[in-house]
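A quick note: this is a predicted structure, and the numbers were derived from the prediction, not measured. Counting starts at 1 for both ligands and their atoms, in listed order.
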Amino acid sequence: MDSIALRKIARTMVAPGKGILAADESHGTITKRFQALGIESSEESRRRYREMFFSSSACAEHISGVILYDETIRQSATDGTPFPQYLKDRGILPGIKVDTGAKELAGHPGEKITEGLDGLRERLAEYYELGGRFAKWRAVITIGDGIPSRGCIEANAHGLARYAALCQEAGIVPIVEPEVLMDGRHTIDRCQEVTDATLEEVFSQLHHQRVLLEGVVLKPNMVISATDCPQQASVEEVATRTVETLRRFVPAAVPGIAFLSGGQSDRAATAHLDAMNRMDDLPWQLTFSYGRALQAAAMKAWGGKEESLAAGAEAFSHRARMNSSARSGRYESSMEK
Ligand code: 13P
């Protein structure tokens with residue numbers, strides 16, 4: 001393991017003023033999102049769509065790294081430059097999603113386990129050759145009646161730690177993503193309880209698997225009220241509870257925490273990140289690794305039309321600028337105009 005290189009990549013991923021663009025939707029997910037807007041999903045339309053982000057001015061300025069899907073890491077920009085090289089030329093680290101999805105966890109109705117460890121060592125070696133310098137693995141924890149179970153949290157944390165150790169062996173920084181879903185009606189208290197238990201187990205498993213904490217980036221959910229919870233916590237409360245949980249369970253050796261947006265509105269995801277970055281004495285960098293909260297407005301503005309690529313790029317650039325400000329605690333809602 002080249003610990004100096006890993007530390008350097010991890011610090012670059014969470015560099016001041018910058019955050020990560022998650023553009024690693026599987027074919028199924030991106031097709032669903034395209035279809036909802038009447039956009040055709042083909043290899044070429046997905047390539048055009050992703051190039052719209054990578055070529056935008058805001059990408060070079062505010063994005064430290066992009067998480068790609070297997071198809072995209074093998075595609076090229078319109079000028080023929082392979083995407084990993086294209087990103088690198090613009091000072092952006094290429095990343096790659098390496099899990100193979102969350103499947104039903106046997107014996108645990110309603111719960112999931114993320115798969116993808118078989119053959120992962122070989123796949124990581126190939127991704128490194130293709131230019132990948134960081135990776136992502138998403139574990140999913142569902143809150144519901146009597147769930148999550150201990151077995152689900154342990155199995156997912158173990159998978160994340162095994163993945164993280166394999167990444168570091170290959171010279172790739174693992175994004176460790178345990179996502180407690182915001183679907184349902186649960187309160188922010190319940191979200192905090194489950195996020196606490198999850199992070200506690202994740203860092204215990206990372207330690208057991210001898211993962212270098214200085215060479216990982218954590219990608220957690222925020223501590224937040226569920227989408228259908230009648231009492232929605234304020235921006236201040238989400239920020240306070242999230243930082244409280246992180247302080248309790250995330251060692252200061254971790255260089256940075258890059259949140260997922262998880263179904264929050266664009267502006268809520270920005271406002272929450274900003275409120276956290278206004279707090280004093282945070283031991284880690286706090287930034288974004290948003291998918292939907294960076295892409296939704298851009299996808300709509302583009303609409304699959306060649307003549308709207310510039311409008312899509314501008315919609316993305318706006319959100320990237322807003323989140324860059326939030327990442328430094330300098331966002332104001334008046335900047336949205
Ligand atoms: P969202 O920000 O849309 O939750 O996506 C981030 C991500 O990469 C989920 O794995």
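At a 4.0 Å cut-off, not a single heavy atom of A269 sits close enough to ligand 1 to count as contact.
Following chains of ILVMFWY side-chain contacts shorter than 4.5 Å, one cannot reach V243 starting from L260, and the two form parts of different hydrophobic clusters. In the hydrophobic clustering of this structure, L181 does not group with I175; members are Ile, Leu, Val, Met, Phe, Trp, Tyr whose side-chain heavy atoms approach within less than 4.5 Å, directly or through other members.
Q205 and E201 form a side-chain donor-acceptor contact under 3.5 Å, judged by distance and modelled atom types alone. Inspection of the D196 and Q192 side chains reveals no N or O donor paired with an N or O acceptor under 3.5 Å.
Within the listing of ligand 1, atoms 2 (O) sit less than 4.0 angstrom from a heavy atom of Y290.
Protein heavy atom closest to atom 10 (O) of ligand 1, with residue, atom name and distance, is K136 NZ, 2.5 Å. If you check which protein heavy atom lies closest to atom 2 (O) of ligand 1, you get S261 OG, 2.5 Å. Considering only non-hydrogen protein atoms, atom 4 (O) of ligand 1 sits nearest to G262 N, 2.7 Å. The single protein non-hydrogen atom nearest to atom 9 (C) of ligand 1 is E177 OE2, 3.2 Å, given as residue, atom name and distance.
No salt bridge links E40 with R48; every basic N to acidic carboxylate O contact stays at or beyond 4.0 Å.
Considering backbone and side-chain N/O of G263, none are found under 3.5 Å from N/O of ligand 1. Checked by distance only, ligand 1 and S289 stay at 3.5 Å or farther apart across all their nitrogen or oxygen atoms. In terms of polar-atom proximity, G291 is counted as a contact of ligand 1, with an N or O under 3.5 Å from an N or O of the ligand.
In this comparison of K219, R33, R138, the heavy atom closest to atom 7 (C) of ligand 1 sits on K219.
Side-chain contacts under 4.5 Å among hydrophobic residues (ILVMFWY), followed directly or transitively, place I153 together with I141, I143, V180, V194.
For R47, the salt bridge (Lys or Arg N to Asp or Glu O under 4.0 Å) partners at least two apart in sequence or on another chain are E44, E51.
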